[in-house]
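Notes for the one structure printed next.
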Amino acid sequence: MTNEVRKTGRLIRAPENFVDAGLANEITTKGLNEERRGFLRKSFLAASAAMASGTAMAQAAAGFEGDPNILNLPEHSKTLGQAVATNAYGVPSKYETNLLRRESPGLTRVSAASVSFAPLQGLFGIITPSGLHFERHHQGWHDIDPSKHRFMINGLVKNPKVYTMDDLMRLPSVSRMHFIECGANTAMEWGNVAVPSVQYSHGMLSCSEFTGVPLSVLLEDCGYDKKNGKFILAEGADGSSMTRTIDISRAMDDVIVAWGMNGEMLRPENGYPLRLVVPGVQGVSWVKWLRRIEVGDMPYATKDEAIHYVDAMPDGMLRQYTSIQECKSVITTPSAGQMLLDKGFYNITGLAWSGRGKIKRVDVSVDGGRNWRTARMENPVLPKCLTRFNIDWTWDGSPTVIQSRAIDDTGYVQPKINELRAVRGTRSIYHNNAIQSWKIAESGEVSNVQVY
Ligand SMILES: Nc1nc2c(c(=O)[nH]1)N[C@H]1C(S)=C(S)[C@@H](COP(=O)(O)O)O[C@H]1N2
Ligand SMILES: [Mo]
């Protein structure tokens with residue numbers, strides 16, 4: 001890529017973290033408001049005009065001579081910087097303070113029951129910073145005193161046990177990177193509601209390194225009944241009576257009773273001091289503030305698996321226990337709410353994941369699904385973890401639609417929305433893993449559309 005191309009590729013990366021703080025409030029359910037759109041375009045045209053006048057363009061191409069940001073030595077190069085910040089937890093730059101978890105403008109808040117979405121459009125790589133990890137609480141979050149927290153294993157076990165946090169943290173631990181996705185992620189798209197940005201369409205998704213003791217170690221420690229113990233029930237300590245059934249083969253496989261997230265203790269809103277990590281399975285089974293696991297011989301059919309978290313099928317039947325988050329991907333940049341300021345080179349980047357294993361391949365279309373090219377996947381590519389993909393693209397300035405399509409190592413191909421609707425109908429909330437389409441208008445504005 002030449003410098004020339006590099007310079008023409010201009011993109012407003014994320015509504016939250018560029019130009020000014022006010023913009024985030026100006027995004028409506030229909031995208032940028034008219035006034036804002038006009039302003040952005042005018043400022044860009046003004047900047048281009050200034051560049052084109054006289055010799056400015058030639059100078060700029062030669063290395064930005066005339067740029068005061070190069071000519072004038074800035075204060076930070078001439079003065080003493082700040083001392084180490086030993087007494088405070090580190091925070092992002094003040095120029096990044098608009099990149100936040102947000103509640104959807106379209107969803108009304110019901111008491112403490114709430115969702116905040118991760119700002120996927122502003123994140124790099126595969127790890128979600130802990131302060132930006134999405135949240136889903138059925139009955140609000142608590143900051144629980146770890147010295148008072150107890151974790152019990154009972155039911156079909158020889159030795160029922162109660163563990164303190166100290167007991168647990170002495171046991172052999174593992175650290176693994178996994179995605180967590182709420183089963184209701186991308187739910188609005190079932191009904192053809194084009195939410196305004198990838199934060200709201202796909203932001204109930206995060207990925208962290210989790211640390212804890214494998215549940216298999218604890219079940220063995222309690223002498224679970226290998227003959228009759230077919231399921232476990234996981235229970236949280238909050239007021240939502242969150243209880244979920246998990247079959248014993250999964251429980252003995254890669255499930256972790258975790259206290260660590262991204263190298264430190266879990267954040268209170270993500271289940272401090274203890275949560276279940278159930279790789280590949282929908283978020284609701286990742287019980288937070290975990291206080292009890294019971295071993296049983298049948299599925300428990302609790303409220304959160306008999307009434308909620310069921311899928312309404314076209315024939316009127318309800319599908320139960322659809323735990324796995326199937327193979328899915330989304331382009332995070334450019335994505336709805338962002339704006340391409342002129343034609344030229346762009347790196348299209350996004351995320352792919354599968355609850356069944358590793359991502360095998362990601363294809364990208366820049367012409368509404370007619371042609372597909374294989375994207376570059378960044379290492380590491382891990383099972384039940386986010387995979388970052390990138391692909392080069394030169395936008396010629398004409399309107400188009402961009403999409404990504406992931407394939408996992410079982411050979412499963414992420415479906416189009418109409419393929420998914422043919423099987424699942426339109427009355428579902430959960431498990432929408434359809435291909436996402438972003439429309440690029442001639443103005444450079446990116447918006448959410450459905451393409452069949
Ligand atoms: N105890 C308890 N566990 C819970 C919940 C809850 O409300 N209470 N919400 C569940 C749901 S629906 C999801 S999607 C995930 C969200 O995890 P996070 O808030 O760490 O992103 O936690 C799950 N575990
Ligand atoms: Mo969820």
Side-chain angles (χ1 to χ4, degrees), residues 88-92 99-101 114-120 122-138 140-147 149 151 163-183 185 202-215 217-218 234-238 240 242 244 246 254-291 293 325 351 353 355 380 382-388:
Y89 194 92
V91 293
L99 193 75
L100 295 172
R101 298 186 275 219
S114 50
V115 182
S116 72
F117 297 81
L120 301 181
L123 303 182
F124 316 116
I126 56 174
I127 294 295
T128 313
S130 296
L132 297 175
H133 190 293
F134 86 97
E135 302 159 85
R136 173 73 181 104
H137 320 302
H138 290 239
W141 61 272
H142 302 270
D143 197 357
I144 294 172
D145 181 347
S147 71
H149 189 69
F151 172 60
Y163 300 86
T164 63
M165 286 304 297
D166 288 338
D167 294 338
L168 291 171
M169 292 173 77
R170 290 171 64 174
L171 296 171
S173 64
V174 294
S175 295
R176 295 199 194 114
M177 291 190 250
H178 289 297
F179 76 82
I180 165 173
E181 182 182 23
C182 176
N185 201 26
H202 289 73
M204 282 197 277
L205 170 75
S206 294
C207 184
S208 295
E209 183 193 68
F210 293 98
T211 300
V213 54
L215 178 56
V217 170
L218 297 172
E235 179 183 85
D238 56 325
S240 71
M242 178 56 68
R244 293 282 305 177
I246 297 162
D254 53 4
V255 176
I256 307 170
V257 173
W259 53 79
M261 180 163 121
N262 296 332
E264 59 184 358
M265 290 298 286
L266 288 160
R267 295 288 169 90
E269 60 272 36
N270 304 115
Y272 181 88
L274 204 62
R275 91 170 303 165
L276 206 59
V277 166
V278 195
V281 168
Q282 61 179 335
V284 67
S285 292
W286 296 47
V287 174
K288 301 190 278 189
W289 314 290
L290 181 70
R291 73 168 172 207
I293 281 182
Q325 294 301 107
L351 296 165
W353 62 101
L382 299 169
K384 307 175 187 181
C385 184
L386 296 186
T387 295
R388 169 68 62 178

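Here the shortest heavy-atom pairing between Leu123 and Pro129 reads CD2-CD, 4.0 Å. Between Gln325 and Cys182, the shortest heavy-atom contact is NE2-O, 3.8 Å. Across every non-hydrogen atom of Leu266 and Tyr272, the tightest pair is O-CD1, 3.1 Å. When all heavy atoms of Ala118 and Ser206 are compared, the pair lying nearest together is CB-OG, 4.0 Å. When every heavy atom of Val255 is checked against every heavy atom of Pro279, the shortest pair comes out as CA-CD, 4.2 Å.
Using a 4.0 Å cut-off between a side-chain N of Lys or Arg and a carboxylate O of Asp or Glu, Asp254 and Lys384 qualify as a salt bridge.
For the side chain to side chain donor-acceptor pair (under 3.5 Å) with Glu269, the qualifying choice from Arg136, Arg101, Lys288 is Arg101, the only one to do so.
A donor-acceptor pair is defined here as one N or O able to donate and one able to accept, closer than 3.5 Å; such a pair exists between the side chain of Arg275 and the backbone of Trp286.
In this structure, NE2 in His133 is found 9.5 Å from CD in Glu135, a value given to the nearest 0.5 Å. Note that the CZ atom of Phe151 and the CG atom of Leu276 stand 7.5 Å from one another [nearest 0.5 Å]. Separating the CD1 atom in Ile126 from the CZ atom in Arg388 is a distance of 9.0 Å, to the nearest 0.5 Å. Thr211 contributes atom OG1, which lies 11.0 Å from atom CE of Met261 (distance to the nearest 0.5 angstrom). Summarising the geometry, atom SG belonging to Cys207 is positioned 10.5 Å from atom CD1 belonging to Ile180; distances are rounded to the nearest 0.5 Å. The distance from the NE2 atom of His142 to the NE2 atom of His137 is 9.5 Å, given to the nearest 0.5 Å.
Counting only heavy atoms from C-beta outward, the side chains of Asn185 and Phe134 never approach each other to under 4.5 Å. Here the side chains of Val287 and Val278 are not in contact, with every heavy-atom distance at 4.5 Å or above. Put simply, the side chain of Ile144 reaches to within 4.5 Å of the side chain of Pro273, judged on heavy atoms. For the pair Leu205/Trp353, a side-chain contact is recorded, criterion being any heavy-atom separation below 4.5 Å from C-beta on. Considering only heavy atoms from C-beta on, Leu215 stays 4.5 Å or farther from Ile256 through its side chain. At a threshold of 4.5 Å between non-hydrogen side-chain atoms, the residues His178 and Leu382 do not count as touching. Under the 4.5 Å side-chain criterion, counting only non-hydrogen atoms from C-beta, Ser173 is in contact with Trp259. The shortest side-chain heavy-atom distance between Trp289 and Trp141 falls under the 4.5 Å cut-off.
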**Request:** Start with the C-alpha distance between Val257 and Tyr163, add both sets of side-chain angles, then the distance that settles side chain to side chain contact (heavy atoms under 4.5 Å, CB included), and finish with yes or no.
**Result:** CA-CA 12 Å; Val257 173; Tyr163 300 86; over 6 Å; no
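Between Ser240 and Asp238, the side chains place a donor N or O and an acceptor N or O closer than 3.5 Å (distance only, hydrogens not considered).
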